[in-house]
Amino acid sequence: MISSPLMTVMVDAVRKAARGLRRDFGEVENLQVSRKGPGDFVSAADRKAEEVVRDALMKARPGYGLVLEENGIIEGTDKSHTWHVDPLDGTSNFLHGVPHFAVSVGLEREGQIVAGVIFDPIKDELFVAERGKGAYLNNRRLRVSGRQDMADALVGYGTPYLGRGSHPRLLRELGAVMAVAGGTRRMGSAALDMAYVACGRLDAYWERDLQTYDFAAGVILVREAGGFVSSADGAAEPLAPRSVAAGNEELHRELVAILKKVQAA
């Protein structure tokens with residue numbers, strides 16, 4: 001594992017939030033839930049978890065800004081550092097009793113993601129990465145998949161929420177990928193999809209119409225595990241386009257080429 005003051009702050013924050021999520025997941029049917037948009041639900045657990053993470057990060061690094069799922073942007077006095085926080089990535093899974101969700105925190109420094117933590121509280125899997133220090137799952141060093149042939153690859157993807165993004169475009173892209181890939185998976189958590197690329201469970205992954213807190217932590221995880229990350233259209237940094245494509249060097253290149261070909265058609 002990575003031993004640094006920064007990583008200690010991030011891991012403590014996500015673990016504190018996860019304790020409440022584990023408890024609330026056991027009582028998921030009793031949660032008070034409000035609807036905030038078509039197909040996009042926010043739970044009491046989500047709000048509580050964000051408050052826990054926000055308070056822990058602000059206490060440890062009071063000048064840093066934050067980009068939060070529920071409470072938007074909080075400007076900090078330190079303009080070079082920004083936390084990107086998703087307190088419950090996989091909310092729909094959570095509310096339907098599907099045990100696949102995570103707490104995700106990424107740190108942006110002067111436009112670059114330099115540290116990330118993604119914690120799956122149900123499986124007790126802690127994914128961490130810091131620039132120049134590698135990526136780890138619990139105490140195991142991570143490397144992306146070594147597969148080179150798309151026909152052998154398991155490729156993850158995400159679907160836009162109802163009323164957001166382009167479902168027809170996704171169907172075109174998915175059709176093109178399914179025509180050449182060994183298999184595809186849609187699991188409902190962008191953070192864990194990225195973590196799974198970092199540890200080789202998925203060979204590649206793409207998604208559009210994201211928010212930065214959905215995938216910021218995953219960017220550094222994949223890169224520190226030896227993988228490549230860009231926007232879905234191939235831009236070097238995915239934060240501004242708010243789309244992502246990830247994989248090892250060969251499969252990332254091939255995936256982006258497929259997506260570009262669909263765009264051009």
What pair of heavy atoms forms the shortest contact from L202 to D193, and how long is it? CD1-O, 3.8 Å
Run the salt bridge (Lys or Arg N to Asp or Glu O under 4.0 Å) test on R15 and D12 for me, step by step, so that the C-alpha distance in whole Å, both residues' side-chain angles and the decisive distance to 0.1 Å come before the verdict. CA-CA 5 Å; R15 285 194 179 278; D12 285 351; over 6 Å; no
Distance-only polar pair, side chains of S80 and D78, donor-acceptor under 3.5 Å: yes
Beyond-backbone contact of D214 with M194, side-chain heavy atoms, under 4.5 angstrom: no
Nearest 0.5 angstrom please: Y157 OH to R186 CZ, how far? 7.5 Å
Is the number of heavy atoms from other residues, nucleotides or ligands within 6.0 Å of CZ (R147) greater than 12? no
Is any side-chain N of the basic residue among D24 and K48 closer than 4.0 Å to the acidic one's carboxylate O? yes
Can you check side chain to side chain contact (heavy atoms under 4.5 Å, CB included) on V117 and L126, steps first, answer last? CA-CA 7 Å; V117 173; L126 180 68; 3.7 Å; yes
Could you give me the CA-CA distance, side-chain angles and deciding distance for E50 and R47, then say whether salt bridge (Lys or Arg N to Asp or Glu O under 4.0 Å) is met? CA-CA 5 Å; E50 180 168 290; R47 292 192 295 271; over 6 Å; no
Assess whether salt bridge (Lys or Arg N to Asp or Glu O under 4.0 Å) is satisfied between R201 and E125, documenting all intermediate values. CA-CA 13 Å; R201 293 174 184 171; E125 291 188 330; 2.8 Å; yes
Are T159 and H167 close enough that a side-chain donor and a side-chain acceptor fall under 3.5 Å? no
Look at the aromatic rings of Y196 and H100 and report parallel, tilted or perpendicular, splitting at 30° and 60°. perpendicular
For D89 and S189, does a side-chain donor sit closer than 3.5 Å to a side-chain acceptor? yes
Between K123 and P99, what is the shortest heavy-atom contact and its length? NZ-O, 3.2 Å
Before you tell me yes or no, could you show the steps for L57 and V9 under side chain to side chain contact (heavy atoms under 4.5 Å, CB included), namely the whole-Å CA-CA distance, both residues' side-chain angles and the distance that decides it to 0.1 Å? CA-CA 7 Å; L57 295 178; V9 167; 3.9 Å; yes
Answer yes when R223 and E237 have at least one side-chain N-carboxylate O distance shorter than 4.0 Å, and no when they do not. yes
Looking only at side chains, do S145 and D203 share a donor and an acceptor under 3.5 Å apart? yes
Under 3.5 Å, side chain of T82 to main-chain N/O of G65, donor-acceptor pair present? no
How about V105 and W83: do any of their side-chain heavy atoms sit closer than 4.5 Å? yes
Heavy-atom closest contact (P87 atom, V85 atom, distance): CD-O, 3.8 Å
Please check if the number of heavy atoms outside K261 that lie under 6.0 Å from its NZ is greater than 12. no
Would you indicate whether the side-chain heavy atoms of P160 and L170 approach each other to under 4.5 Å? yes
So, do F25 and F94 have ring centers that fall under 6.0 Å from each other? yes
Check: Y213 ring centre within less than 6.0 Å of H84 ring centre: no
Sidechain N-carboxylate O distance under 4.0 Å for E254, K260: no
Quick one: which residue pairs count as a side chain to side chain donor-acceptor pair (under 3.5 Å) with a foot in residues 169-182, not counting sequence neighbours? E173-W206, E173-R208
